[in-house]
Amino acid sequence: MIHLTHTIAGEVCDIFMPERRSELAGFDRFLAQGDKVLGLDSETSGLNIYSPGYEVRLVQIGNGREAWVLRVDLFADVIVRALRQPRMFVVHNAAFDLQVIDRHLGVTLEELGPRVFDTRIFAHLIDPRQEHEGGAGLSLKPLSAIHVDDSAPDTQAGLNAVFRTIRNPETGKLCTKDDGWRHIPIDHETYVRYAGLDVILVTRLFDELAVIIRDLGLNPLSKFEHHLQVLLAIMQRRGVLLDVPYIERLKAELEADVETFAKVAARYGVDNVNSTAQVSSALVAMGETLTETTDGGALKVDKEVLMPLADLDRDWERIEARKANPLADAVLRAKRAGKWRESYADAFLNLRDSSDRLHASIGGLQARTARMSISRPPLQQLPSGDWRVRRALVADPGQVIIAADYAQVEMRVLAGLCQDPTLVEAILSGTDLHDFTAARVFGEGFTKQERKVAKAIGFGKVYGGGATTVARQTGLQPEDVRPAMSAYDSTFPGIKRYGAKLQSRAQYGKREVVTLSGRHLPLDRDRLYAATNYVVQSTSRDLLAQAIVDIFDAGLGDHLLLPVHDELVAQAPAAEARDVIDEIGRLMASTFYTIPIASEAEVYGPSWGHGYGAPS
DNA sequence: ACTTTCACG
DNA sequence: ACGTACGTGAAAGTG
């Protein structure tokens, strides 16, 4: 038995790590003492739960002053028995550990998920901001420092330091935060100590945060978010099937593109297209004038700058406005192909499981506005103007990809919230909103270009933008956009008034806005104008979240694959695909303060790319 | 570690 | 008084 002690908030805590069965009596006594909620954590070989060779090494169970660090290689049965006891557990970022335990110990999400409190959810509901945004942060260390003991060690950072002293037997090199988890000796004192501390800290954090949540009246929202996390974890566990032979071909195609265009760039003295310094100086040497600068003061050579130099519009079509700069063109094409290969094709292949499924991590309660995000790989950010990357994700055999997305959900949510009579009437009348706006702003005989401006202003208003950004979006001058923006304000005065109301409340009360769901959204002192956007974005997210819960309640959860902000991607057997997606679309639809929130349902075909023009 | 860029809604 | 585009994840270069 390894026995360590550590003082947390002035109390001496015990960390026990049994090494043989005869040493488990103390653990049995610990379980029998009747704590209502126990801390739970696991230590694994890495982040990619579903990759081949992945293992869970330790499971820790404890309370506020005692931790039991259990080796999975010796005591898996004991751990499973403890987890199956009818009691609650508290985990920090439970979606991760629950999937580890489901996949590698066989205690399912369905069994354990409903019995878990997640301190990360509590923390997000209290203050969703990361540390660098001026918030409390969402990881265990900063939260424990605030609520439990500011001298408690940063167990993640502390272990990273230890990893750098340990040699990876496969490569012979010193470990990093990526491979240290796999190679650190399982009885290394720091590893055992920090493993134990994490459950002690999470239990104490729970005691503190649960009271705050209750006092803020957030118990119902917390319950909803906990339920949602389990459903999203079920989606992640299912994953999405990959078409591996297709990805290999795509990868080769993209590599060939990179090579071709890198060669062209090299002719102009740029031997690395990703070096902004090389690109900008070569362009200047060719006689181009670069005016925009980055925050760091360097000459800007991003897509927005390079496209006009290459005489290309946003759809990569020739504008015929000037002689295309061949270097700008080559850099754009080489970088795009390189990004698609690295971030998508390679990522798909590297992150898949042994059955060629991709289990991207779904963060259910992520952004400041609670928006969801998907990482490893970022499936919410695949190119949408070209089908080739999305074509890599396919439905299971015999099934097809289906999807339903909300139509103009943010404008509709804004209309419901601000109740501007003209905006409400426009939406209820069923005419195209941007047509309606263009007619009001420019007159009935508006042009196509004017409709585009009207649309850009609508977006600009939701985001809190001004004439400069709308001008940049539309390619017009700010002075040409300004009159249209005033006309927009006179047409929909309620939008501006609603924003002003939110801002003045935030200015004279607590610097935050509170949504209908009770979510507290803190505002930055010098960006109060973001209030409208936060409420709109957050409320739209809550609508999608509710839809996911409703779809599971209706028994259709097994079809869902991914949430994409205003859209749900799913799959169903070909014969019933139409019915399934229509029903999902109906479950997504709702009425929000008299405003219909409708969705459009579509059957894509064998791959996700088939919704974006992939040939059958 | 920070900056720059680029992919999405 | 005025105006401010919102929210993400990830790779590569740079120092």
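A, B, ... follow the sequence lines: proteins, then strands. Residue 1 opens every chain.
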Colleague: Where the side chain of A:N274 is defined as all heavy atoms beyond and including C-beta, which of B:dA7, C:dG13, C:dC6 is the nearest nucleotide?
Modeller: C:dG13
Colleague: Quick one: label A:S540 by what it contacts on the DNA or RNA (base, sugar-phosphate, nothing), any heavy atom closer than 4.0 Å.
Modeller: nothing
Colleague: Regarding A:Q537, tell me which of base, sugar-phosphate or nothing describes its non-hydrogen contacts under 4.0 Å with the strands shown.
Modeller: base
Colleague: Classify A:V301 by what it touches in the nucleic acid, base, sugar-phosphate, or nothing, heavy-atom distance under 4.0 Å.
Modeller: sugar-phosphate
Colleague: For a quick check of understanding: with a heavy-atom distance under 4.0 Å over all strands, which category does A:R472 fall into, base, sugar-phosphate or nothing?
Modeller: nothing
Colleague: If you only use heavy atoms from C-beta on, which nucleotide in B:dG9, C:dT14, C:dA5 is closest to the side chain of A:S275?
Modeller: C:dT14
Colleague: Once you apply a heavy-atom cut-off of 4.0 Å, does A:A467 come out as touching a base, just sugar-phosphate, or nothing?
Modeller: sugar-phosphate
Colleague: Using a heavy-atom cut-off of 4.0 Å across all strands, would you classify A:K461 as base, sugar-phosphate, or nothing?
Modeller: nothing
Colleague: Taking the side chain of A:S373 as heavy atoms from C-beta outward, which of C:dT8, B:dT4, B:dG9 is closest to it?
Modeller: C:dT8
Colleague: Among B:dC6, C:dC6, C:dT8, find the nucleotide with the atom closest to the side chain of A:K339.
Modeller: B:dC6
Colleague: Which part of the nucleic acid, if any, lies within contact of A:F459, taking any heavy atom under 4.0 Å across all strands shown: a base, the sugar-phosphate backbone alone, or nothing?
Modeller: base
Colleague: How is A:K303 classified with respect to the nucleic acid when contacts are heavy atoms under 4.0 Å: base, sugar-phosphate, or nothing?
Modeller: sugar-phosphate
